[in-house]
Amino acid sequence: MRSTAMLHIAAALIFSTSAHAQTLTQALALAYRSNPTLLGEQANQRAVTENSSQARAGWRPTVTVNMDANYQQGPYTNAFALGTYTSNYAEGYVAAKQTLYSFGHVANQVRAADARSRAEGHALILMESQVFTNAITAYMDVLRDRNVLEVRRADLDMLAQQVKLTTSRYTLGGQPREQVTWTDVEQAETRRRSAEVALTHAQATLAASEALFQAVIGVKPQNLTMPDGLPGIPSNIQKALQTAVAANPQLAQMRETKEATAADIDTARSKWGPQIQVQGTFGTIGPGSPFRGREYSEQVAGTVSLVQPIYNGDLYNSQIRQARAKDEQARQNVELAKRTAFQNVVTNWQAVENGLEAIKSGAAEVHAGETTLKGYQLEYGYGLRSTTDVLYADQNLRTAQVELASSRHDTIVAEATLLATMGQLQASDLLPNERHYDANATFQRARTRGWEPLQAPISAMDQAGW
């Protein structure tokens, strides 16, 4: 009943969002709740963190229950000289094994698993940023393409009227200053046909953008609203660079991976050390057939073993060299991620600044273009402007309108990419009122799951010297 009610609530929320204006925040919330790429990565993060729990199993005892039954009859010798023997028994026992000391092998496996679990948490943040970037881009694509479609429609309507007016003047004649030539008619008609092609292209582009919107966000776009900007843009590029060094998710992921590879070196080295284990069994054994419970007797055994590797064909040394090479690769990946973060911050910072200037100048250019076109149309009526003048003014206005729509789109997308590089394009930043997936809590649960009393002293002993 509860799940059904939740489905009804979710459906109502989606319907409500679809019926009214869809703000960018609402679209991002829908993507956060339903995007399959993000939800899949969350599941993968939970799977990876289980490695931390599995690594700790090396500090914990293993207990098994075993039951065996055996019957065998055969000769003592091939010549049957000594008769035959019969083996007939059944046994059941409980066996427990505990590693007391692994020379840091388990401890370093735990270090590596924890570092990779943390790295996967940063990978989830990176995926979250990518999904939000894709959602913002899809949102702005639809806004831009709808704006362009309206421009193309207005352009076609204006040119259709211009063709009628030019054709009428050519047919009816009039004052010499108002007369047009057949060239004017053909020129206007050519522009009208070009506008039809542009309108068809704009419709196709919008259809593709709306399909992408639905794929990323999960619903069809309705009445979208132009955002003023994204929250969290710093006041200067130096702050952006500092934030990126501290919080860039890819850089953080590579740093944790470097911690894991360093632990892998120690894991490989620890194989040369002694392994101390204790094992005990307790059970009973007696005849299997016929079963006689009174004939069964208890059996108890205990073993303490110490294993010290001496030579293994250079296997362990090869594994150490391999781990060191992987660690060097991880170190280079950290440096690459740092340089890439710097590059992306600088590139997108400039893109945002240029975009804001382009929006400001583009808005002024559109206003001037609208004024010019209206003036030319009025003057064309008095014979003071030619058909070419009107068509040229219309072309300039439409170009300015399309460029303004593109500038608004590109600026918001550049802001999203900048924030993603800084590690500030997360649900906690964009959706403060939304319930967030807590990757760190998942990791902490994996670390403590299955804990038992012997783990603390044995882990402390195993970590001694590492």
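- Pairing each heavy atom of L397 with each of V366, the nearest pair is CD1-O, 3.6 Å.
- For the side chain to side chain contact (heavy atoms under 4.5 Å, CB included) with E415, the qualifying choice from I412, L418, T417, V413 is I412, the only one to do so.
- Counting only distance, with no hydrogens or angles, the side chain of Q253 and the backbone of A123 share no donor-acceptor pair below 3.5 Å.
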(message) Between W349 and N236, does the side-chain hydrogen bond (donor to acceptor under 3.5 Å, both in side chains) criterion hold? Intermediate values first, please.
(response) CA-CA 9 Å; W349 182 270; N236 56 67; over 6 Å; no
(request) Take R321 and S318, measure what side chain to side chain contact (heavy atoms under 4.5 Å, CB included) needs, and give me the verdict at the end. (result) CA-CA 5 Å; R321 295 192 297 270; S318 175; 3.7 Å; yes
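- No side-chain heavy atom of R60 sits under 4.5 Å from any side-chain heavy atom of L454.
- The main-chain N or O of S270 is never found under 3.5 Å from a side-chain atom of H105 such that the two would form a donor-acceptor pair.
- Two residues are said to be in side-chain contact when any heavy atoms from C-beta on lie closer than 4.5 Å; L241 and V245 fail this criterion.
- In this structure, a donor-acceptor pair under 3.5 Å is present between the side chains of D327 and T261.
- Residues Q332 and E328 bring a donor and an acceptor atom of their side chains to less than 3.5 Å of each other.
- Donor-acceptor pairing under 3.5 Å is recorded for the side chains of Q45 and Y437.
- Listed here is the closest heavy atom pair of V334 and M254: CG2-O, 3.4 Å.
- Separation of atoms CD (Q395) and OG (S194) is listed at 9.0 Å; rounding is to 0.5 Å.
- The CG atom of D410 sits 9.0 Å away from the CE atom of M140 when rounded to the nearest 0.5 Å.
- When all heavy atoms of A31 and V216 are compared, the closest pair comes out as CB-O, 4.0 Å.
- Side-chain polar atoms of D145 and T205 form no donor-acceptor pair below 3.5 angstrom.
- One distance of note links OG1 of T257 with CZ of R331; it measures 15.0 Å at 0.5 Å rounding.
- Contact annotation: the side chain of E91 approaches that of Y93 to within less than 4.5 Å [non-hydrogen atoms, C-beta and beyond].
- Checking side-chain atoms of N108 against main-chain N and O of G104 turns up a donor-acceptor pair under 3.5 Å.
- Side-chain contact check for Q203 versus L149: some heavy-atom pair is nearer than 4.5 Å.
- Residues P249 and G423 approach most closely at CD-CA, 3.8 Å, considering heavy atoms.
- Taking 4.5 Å as the limit, every side-chain heavy atom of I285 sits out of range of all side-chain heavy atoms of D68.
- Note: S209 OG to R146 CZ = 10.0 Å, rounded to the nearest 0.5 Å.
- For residues 420-436, the side-chain hydrogen bond (donor to acceptor under 3.5 Å, both in side chains) pairs, not counting sequence neighbours, are R33-E434.
- Contact check on R56 versus D114 returns a salt bridge, with a Lys/Arg side-chain nitrogen under 4.0 Å from an Asp/Glu carboxylate oxygen.
- Residues L336 and T340 form a side-chain contact, since some pair of their non-hydrogen atoms from C-beta on lies under 4.5 Å apart.
- Electrostatic pairing of E259 and R116 does not count as a salt bridge here, judged by no charged N lying under 4.0 Å from a carboxylate O.
- In this structure, the side chain of N35 engages the main chain of L38 through a donor-acceptor pair within 3.5 Å.
- Under a 4.0 Å N-O distance rule, the pair R46/E50 does not qualify as a salt bridge.
- At least one donor-acceptor pair under 3.5 Å links the side chain of Q308 to the backbone N or O of W272.
- Summarising the geometry of V219 relative to F213, their closest heavy-atom pair is O-CD2, 3.2 Å, with the distance given to 0.1 Å.
- Here the CG-CG distance, from L230 to L430, works out to 7.0 Å after rounding to the nearest 0.5 Å.
- Counting heavy atoms of neighbouring residues, nucleotides and ligands inside a 6.0 Å radius, atom CD of E298 does not exceed 12 of them.
- At least one donor-acceptor pair closer than 3.5 Å links the side chain of S361 to the backbone N or O of A358.
- Tested against R111, the residues D266, D264, D462 include a single salt bridge (charged side-chain N to carboxylate O under 4.0 Å, His left out) partner, D266.
- Counting only distance, with no hydrogens or angles, the side chain of T284 and the backbone of S297 share a donor-acceptor pair below 3.5 Å.
- By the 4.5 Å heavy-atom criterion applied to side chains, K220 and Q222 are counted as neighbours.
- Side-chain contact, T99 with Q277: a donor N or O sits under 3.5 Å from an acceptor N or O.
- Using modelled atom types, no side-chain atom of Y139 and backbone atom of P227 make a donor-acceptor pair closer than 3.5 Å.
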(request) Check the pair Y101, L306 against side chain to side chain contact (heavy atoms under 4.5 Å, CB included), reporting the backbone distance first and the verdict last. (result) CA-CA 9 Å; Y101 183 65; L306 184 149; over 6 Å; no
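- Summarising the geometry, atom CD belonging to E357 is positioned 8.0 Å from atom CD belonging to E353; distances are rounded to the nearest 0.5 Å.
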(message) Let's go through T225 and T23 carefully: what are the C-alpha distance in whole Å and the side-chain angles of both, what is the deciding distance for side-chain hydrogen bond (donor to acceptor under 3.5 Å, both in side chains) to 0.1 Å, and is it a yes or a no?
(response) CA-CA 6 Å; T225 59; T23 65; 5.5 Å; no
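- Note on ring orientation: taking the six-membered ring where Trp is involved, the planes of Y32 and F132 are parallel (angle under 30°, cut-offs 30° and 60°).
- Counting all heavy atoms, side chain and backbone alike, Q463 lies closest to A107 at CG-CB, 3.6 Å.
- Side-chain atoms of I359 and L404, non-hydrogen and from C-beta on, do get closer than 4.5 Å to each other.
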(request) Starting from the C-alpha separation in whole Å, work towards a yes-or-no answer on side chain to side chain contact (heavy atoms under 4.5 Å, CB included) for N44 and V48. (result) CA-CA 6 Å; N44 183 62; V48 171; 4.1 Å; yes
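- No side-chain donor from either of T442 and T49 sits under 3.5 Å from a side-chain acceptor of the other.
- With N354 contributing its side chain and Q350 its backbone, the two residues share a donor-acceptor pair below 3.5 Å.
- Looking at E335 and K338, no side-chain N of the basic residue comes within less than 4.0 Å of a carboxylate O on the acidic one, giving no salt bridge.
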(request) Show your working on side chain to side chain contact (heavy atoms under 4.5 Å, CB included) between V110 and W59 and close with a plain yes or no. (result) CA-CA 10 Å; V110 169; W59 286 329; 3.9 Å; yes
